[in-house]
Amino acid sequence: MDGTPNAATPETLAGYNFAYLDEQTKRMIRRATLKAVAIPGYQVPFGSREMPLPYGWGTGGIQVTASIIGVEDTLKVIDQGADDTTNAVNIRRFFAKTAGVATTEKTAEASIIQTRHRIPEEPLRADQIIVYQVPQPEPLRFIEPREAETRKMHALSEYGIMHVGLYEEIAHFGRITQGYNYPVQVDDRYIMAPSPIPKFDNPKMDHMPALQLFGAGREKRIYAVPPHTKVKSLDFEDHPFTIESWEQTCALCGSEESYLDEVITDDRGSRLFVCSDSDYCRTRRDAGHEGSGLPVPAEPDTTASEPAGESS
Amino acid sequence: MIDRDMAPLLQVSDLSRHYGGQVGCEDVSFELYPGEVLGVVGESGSGKTTLLKCIAGLLPPSAGTVSFDTRVDGPRDIYAMSEPERRMLMRTDWGIVFQNPREGLRMNVSAGANVGERLMAVGARNYGEIRGNAVDWLTKVEMDLGRIDHLPETFSGGMQQRLQIARNLVTQPRLVFMDEPTSGLDVSVQARLLDLIRGLVRQLGIACVVVTHDLGVVRLLSHRLMVMRGGRVVEHGLTDQVLDDPQHPYTQLLVSSILPV
Ligand SMILES: [Zn+2]
């Protein structure tokens with residue numbers, strides 16, 4: 001992240017500044033990012049710029065990445081766990097063109113990982129930064145539409161309302177049903193939206209050695225979890241937080257530990273369960289791990305089953 | 001049930017609230033003792049609603065003080081408290097029942113969650129206990145437990161008011177403010193709601209300030225009565241005395257214009 005040149009290097013797109021954003025904007029975003037790191041989980045407003053991508057394509061994450069990336073960096077971009085989706089390919093190509101940086105699909109080789117929807121299965125290290133794309137940064141918004149009021153609730157730690165949301169799920173469904181963007185409390189202080197990652201990934205945020213940065217472009221907010229910071233998923237004593245588990249293992253690499261995607265393989269509804277993290281799966285296969293390779297017959301109710309004890 | 005040997009729970013001194021050059025309320029003083037119900041009557045524009053907002057912590061007065069006998073620190077000027085302290089007080093030891101249930105309820109969460117919210121706000125984290133409390137309080141306000149998971153939107157006006165009361169009383173406040181709690185309801189619904197409020201308030205020894213234009217409400221609920229006109233208190237005394245033998249010409253007019261309760 002050092003040595004960011006002020007002008008585009010010869011390899012990058014002519015006419016654009018390094019990593020597209022002008023230096024003044026980058027400085028502004030870095031200041032917001034530093035403040036976010038200093039106040040874990042607190043949403044810092046920033047002057048979001050128009051980007052050559054529509055909102056919903058990760059403009060918040062892209063601006064954060066553009067502000068911290070340097071020529072020495074190696075960038076990995078994942079979307080739904082995969083490196084080869086349109087969104088991931090576009091963002092990777094954007095930085096390859098505007099910053100000339102190296103890109104990779106390997107988690108271990110990346111110094112910056114920009115992500116939507118997943119945290120890699122491979123534990124992140126202290127020399128890595130993960131940048132999350134955030135569509136809705138305000139975890140209190142679902143119940144309180146007024147911005148002034150949510151700010152006050154954060155300032156005064158008036159967070160009872162978050163448990164009202166969880167109460168409602170238990171009252172109606174017998175268990176906490178929220179599977180994505182499961183709210184967390186950072187460092188025993190701010191309640192934070194972890195972005196639409198599955199709750200499966202929440203425990204990875206807790207005391208992660210890597211710096212975690214969150215960028216919301218449309219809502220113009222940056223927030224952060226510094227390395228080795230406590231991140232607790234909200235729950236009740238008698239309905240503790242649990243993550244998804246599967247009866248199946250990955251059909252390709254046999255993993256029993258990773259987050260599995262379900263792929264329909266024929267018109268009779270046969271399903272294949274495979275790792276959502278494609279790099280993790282490939283790395284395991286390269287190391288000789290094998291799955292059964294077999295689809296599972298249609299049986300709609302056994303997908304992401306909750307562990308015993310939490311069902312209604 | 002009114003204990004005048006104790007310190008007043010609420011002490012309002014020389015309270016005024018102006019809006020620009022307009023008078024909202026002017027120079028109001030009174031004391032409220034634990035377990036006591038004070039009625040404030042007047043027509044619209046009399047200043048009773050402004051007074052209620054000022055003493056309930058919702059509207060800072062232009063002059064004067066509102067002092068509440070807090071559990072931990074004794075009497076405190078509520079407007080000299082920090083905002084977090086005041087907001088905490090308002091959702092624990094105080095309750096507010098609004099005329100419009102939309103102001104007092106969360107319309108987008110269930111009845112049970114409405115009752116449980118105050119408990120969760122003060123740190124309750126056991127679902128079973130919160131649920132149990134919601135069941136208890138919905139029972140106490142005589143609501144159908146089959147509706148516990150329904151949205152307030154689907155309830156009648158009378159049921160919404162019962163839900164507001166349950167939502168407020170779940171933290172066992174010592175002081176509850178009520179703003180026209182029965183207005184807009186059918187007469188028979190009003191009567192049953194008033195009975196319920198009177199029963200709960202007496203049984204639990206809660207002090208109340210009830211603001212209303214309806215003398216029937218104060219005759220049934222309040223021990224003492226303040227009559228307001230043009231922002232000022234024109235008469236103040238025991239409810240029966242004021243209603244049966246009004247001294248001020250305005251009170252005489254008010255009393256004579258209603259049917260006997
Ligand atoms: Zn796999």
Side-chain angles (χ1 to χ4, degrees), chain A residues 42 136 138-178 182-185 188-191 199 230 232-242 306-307 309-312, chain B residues 57-58 81-92 94-95 102-138 143 145-154 163 166-168 170-171:
Chain A
Y42 173 79
Q136 173 49 262
E138 180 47 74
L140 302 169
R141 184 68 69 232
F142 77 101
I143 199 128
E144 180 52 73
R146 294 168 297 179
E147 174 68 17
E149 187 63 16
T150 53
R151 277 170 173 271
K152 190 165 278 183
M153 291 160 84
H154 281 296
L156 304 181
S157 293
E158 287 183 359
Y159 287 143
I161 200 66
M162 293 307 295
H163 279 83
V164 171
L166 300 179
Y167 168 99
E168 286 289 79
E169 294 183 2
I170 301 171
H172 291 293
F173 306 109
R175 62 187 178 85
I176 297 173
T177 52
Q178 178 134 14
Y182 191 106
V184 296
Q185 187 157 31
D188 295 321
R189 179 57 181 90
Y190 286 98
I191 299 278
K199 64 177 180 173
K230 180 177 171 187
K232 176 164 181 352
S233 302
L234 304 185
D235 62 2
F236 287 104
E237 294 158 6
D238 47 349
H239 286 268
F241 173 78
T242 54
E306 292 294 326
E310 215 210 16
S311 54
S312 49
Chain B
L58 300 173
M81 290 177 177
S82 67
E83 190 177 19
E85 281 182 301
R86 188 165 60 247
R87 282 170 71 116
M88 179 59 89
L89 180 67
M90 288 169 73
R91 58 169 193 247
T92 53
W94 285 12
R102 291 186 167 276
E103 283 183 64
L105 294 174
R106 281 200 193 274
M107 301 305 279
N108 55 355
V109 300
S110 68
N114 265 282
V115 179
E117 181 179 348
R118 275 165 74 113
L119 297 173
M120 292 182 252
V122 294
R125 292 294 178 264
N126 186 295
Y127 174 82
E129 286 173 20
I130 294 162
R131 183 83 174 172
N133 264 293
V135 166
D136 277 358
W137 279 99
L138 292 177
M143 285 184 68
L145 289 181
R147 309 289 303 273
I148 187 170
D149 296 327
H150 294 191
L151 295 178
E153 205 88 61
T154 65
L163 183 56
R167 170 178 162 86
N168 276 283
V170 67
T171 53

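A, B, ... follow the sequence lines: proteins, then strands. Residue 1 opens every chain.
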Just wondering, do A:His163 and B:Ile130 contact through their side chains at under 4.5 Å, heavy atoms?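 Not touching, per the 4.5 Å side-chain cut-off.
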
Report yes if some heavy atom in the side chain of A:Phe236 is under 4.5 Å from a heavy atom in the side chain of B:Glu129; otherwise report no.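 No, their side chains stay 4.5 Å or more apart.
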
Parallel, tilted or perpendicular, as decided by the 30° and 60° cut-offs, for the rings of B:Tyr127 and A:Tyr167: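 Ring orientation of A:Tyr167 relative to B:Tyr127: tilted.
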
Give the minimum heavy-atom separation between [X] and [Y], together with the two atoms involved.
{"X": "B:Asn108", "Y": "A:Ile143", "answer": "ND2-O, 4.1 Å"}
{"X": "A:Glu237", "Y": "B:Asn126", "answer": "OE1-ND2, 3.1 Å"}
{"X": "A:Asp238", "Y": "B:Gly128", "answer": "OD2-N, 2.7 Å"}

Spacing of [X] atom [atom1] and [Y] atom [atom2] [to the nearest 0.5 Å]:
{"X": "B:Glu83", "Y": "A:Lys152", "atom1": "CD", "atom2": "NZ", "answer": "3.5 Å"}
{"X": "A:Leu166", "Y": "B:Met120", "atom1": "CG", "atom2": "CE", "answer": "9.0 Å"}
{"X": "B:Arg106", "Y": "A:Ile161", "atom1": "CZ", "atom2": "CD1", "answer": "3.5 Å"}
{"X": "B:Arg91", "Y": "A:Glu158", "atom1": "CZ", "atom2": "CD", "answer": "4.0 Å"}

By a 4.5 Å heavy-atom criterion (distance strictly below it), what part of A:Leu156 contacts chain B: side chain, backbone, both, or neither?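 Only the side chain of A:Leu156 comes within 4.5 Å of chain B.
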
Under 6.0 Å from the CZ atom of B:Arg102, do we count more than 12 heavy atoms belonging to anything else shown?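 No, not enclosed.
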
Mark yes or no for whether A:Glu168, through its side chain, and B:Ser110, through its backbone, hold a donor-acceptor pair below 3.5 Å.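 Answer holds: yes.
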
If we define contacts as heavy-atom pairs under 4.5 Å, which of B:Gly123, B:Gly112, B:Ala124, B:Gly116 has the most with chain A?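 When all of B:Gly123, B:Gly112, B:Ala124, B:Gly116 are compared, B:Gly112 has the most.
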
Examine whether an atom of B:Arg118 lies under 4.5 Å from a heavy atom of chain A, and if so say whether it belongs to the side chain, the backbone or both; otherwise answer neither.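 Neither part, no heavy atoms under 4.5 Å.
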
